[in-house]
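Side chains included, hydrogens not; waters and symmetry mates left out as well; all remaining heavy atoms used. Protein chains get the first letters and strands the later ones, always in sequence-line order, with residue 1 at the start of each.
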Amino acid sequence: MAQAREIDPRPWYLLSPALLAIALLVVVPMSFILVYSFYENIDLGLDAPAFQFGNWRELLTDGYYHDAIWKTFRLSAIVTVLAAVLGYVPAYFIANTRFRHKWLLLLLLILPFWVSFIIRTLSWIHIMGNQGAINGLLLWLGVIDEPLPMMFNEFAVIVGFIHVFLPYMILNVYVSLEGIDRNLEPAARTLGCTPWQAFLEVTLPLSLPGLAAGCLLVFVLTAGSYVTPLILGGPDDFLFGNLIYDAVLSELNWPMGATLSFALLVLLGVVVVVYSRFMRLNQLSKAFG
Amino acid sequence: MRAWGWIRAYAVAVYVFMFAPVAVVLLLAFNSSQFSGFPIEGFSLRWFRRLFENEAIMRAFETSFSLGLLTAACATTLGILASLALVRYRFRGKDWITALLISPVLVPETVLAVGLLIFLRWLSMPRSFLLLLLGHTMIALPFVVLVVQARLVGIRRDYEEAARSLGASPLETFWQITLPLLMPAVFAGALFAFTISFDNITATIFWRPAGTETVPTQIFGMLRNSVSPEINALGFVMIVVTVGVPLAAGALARYFARRRQ
């Protein structure tokens, strides 16, 4: 009884609206996805409660779905690696620059978050499309006679993803680089390291948590998308998310949509769990503080 | 120091990569050509005029604005209450509660969207504006909690305790001490929530009722044919709203803060 009296109800009053919202809008719906994945699809938009594994069998045996899973992982991995390569150097620059207006560089990093995602994505049509800046310039210079086809393929999708997710990567790497003791690299230098060695042996390992957090974010965000391939890709450029979109919004096959959604949740959940075995998840929230 | 020169050039190139496409949209919005791309034929405001005459787009703007404002109000209220509990009280299971509140960030939006939709289907409720509002609030909530929490940690409890010892009730203390000190975080959180809602397309496509369009879904629909020049003008307006307004607000706040000193 003594213990029961010690529980202070006040934080729970404050928390209850938010917890109720998350429970009703996230936790309960997630369990409904699982339940629905065993339902049977009868006709367009019509399904019957059942407990059968038909949807799961289809997912596990049909090569079409395997292809989509493989494509999604491959594309997400490519985007993640390229974003890491492109993002590390600017983060290093911002962390180490003696430029007086460093806040401006940081503000410019946050600015893209405020620019509409769909505008940023479609802007690449103006850069790489037939009437885009690159083709316009090359035609004007007389280098080419016909516009180069650069749009509506996998390359355009990759560029679009990197463009949208790069700020996440740079911010995460920057936060961990900023936390490194500034005396360490000079110390390594006085002990005989070349600048490159000092970077490889000291700075890079210490910045790995930020780099890993950035990679996880970019990977998960890419693997869960479907809009970018619809705007920038061709008919063959689809991700797992596009299958969900098709199942739910075009075919009105709710049980299959539920099965695919749950599968995506599990696949990305595995990625997050593997990551958290090596890194701590709270690294992710640092970039927002 | 040659290496540093390369690093600087690399960083500048990445910044150009991030901003050149957006700059091109801003530029093309004023192109008088009847095609949306290059070459630029002349300066004209005709696409803006066309934009404001387009009723579907204006309706989408109205929807997006009211949705964004309501989402900001809901998510900020829930987020502040939850953050107060997380920062100001000690209780068991706090880590779990925090993880639960942040969890929508880790679930792909597509999955969140389908889940909520299936739940609604089970309840035999049709898609509605309320669904969009609840959904957007849920998506924005983790970000508001993170922003407000970070700020709240920095506010010393001494002020609150002083107010309490001078006879203020807990509610009075909150209204007169904590909330004013928290105002910057409230604004930051609300702005964040508004932008998240105003910009959302992934989940909105699933949740919108038939016939309702927000600005992003409207643009998405218009893209099916081709990029019309109106979209560039629309992009210009959206960027001014989501970038210009917060920047101006920030600059004004700084200006007034400086004058007061």
**OP:** Could you look at A:Tyr36 and say if it's the side chain, the backbone, both or neither that has a heavy atom under 4.5 Å from chain B?
**Re:** side chain

**OP:** Give the member of A:Gly132, A:Ala223, A:Gly241 that has the highest number of heavy-atom pairs under 4.5 Å with chain B.
**Re:** A:Gly132

Subject >> Region of A:Ile22 in contact with chain B, defined by heavy-atom distances below 4.5 Å >> reply: side chain

**OP:** Mind checking the CZ-CH2 spacing from A:Arg98 to B:Trp4? Nearest 0.5 Å is all I need.
**Re:** 8.0 Å

Original post:
Relative to the ring of B:Phe17, is the ring of A:His163 parallel (under 30°), tilted (30 to 60°) or perpendicular (over 60°)?
Top reply: perpendicular

**OP:** Any chance you could measure B:Ile219, atom CD1, to A:Ile119, atom CD1, to the nearest 0.5 Å?
**Re:** 4.0 Å

Subject >> Region of A:Trp12 in contact with chain B, defined by heavy-atom distances below 4.5 Å >> reply: side chain

Original post:
For the residue pair A:Trp254 and B:Phe206, is the inter-centroid distance of their aromatic rings smaller than 6.0 Å?
Top reply: no

**OP:** Heavy-atom distances under 4.5 Å only: say whether A:Ile170 touches chain B with side chain, backbone, both or neither.
**Re:** side chain

Original post:
Rounded to the nearest 0.5 Å, how far apart are OH of A:Tyr92 and CZ of B:Arg8?
Top reply: 14.0 Å

Subject >> Distance (rounded to the nearest 0.5 Å) between A:Tyr226 OH and B:Ile201 CD1 >> reply: 6.5 Å

Subject >> Electrostatic pair B:Asp199-A:Arg120, nearest N-O below 4.0 angstrom >> reply: no

**OP:** Can you measure from OG (A:Ser116) to CG (B:Leu234) and round to the nearest 0.5 angstrom?
**Re:** 8.5 Å

Original post:
Looking at OG1 of B:Thr137 and CG of A:Leu25, how far apart are the two atoms once the value is rounded to the nearest 0.5 Å?
Top reply: 8.0 Å

Subject >> Region of A:Phe99 in contact with chain B, defined by heavy-atom distances below 4.5 Å >> reply: neither

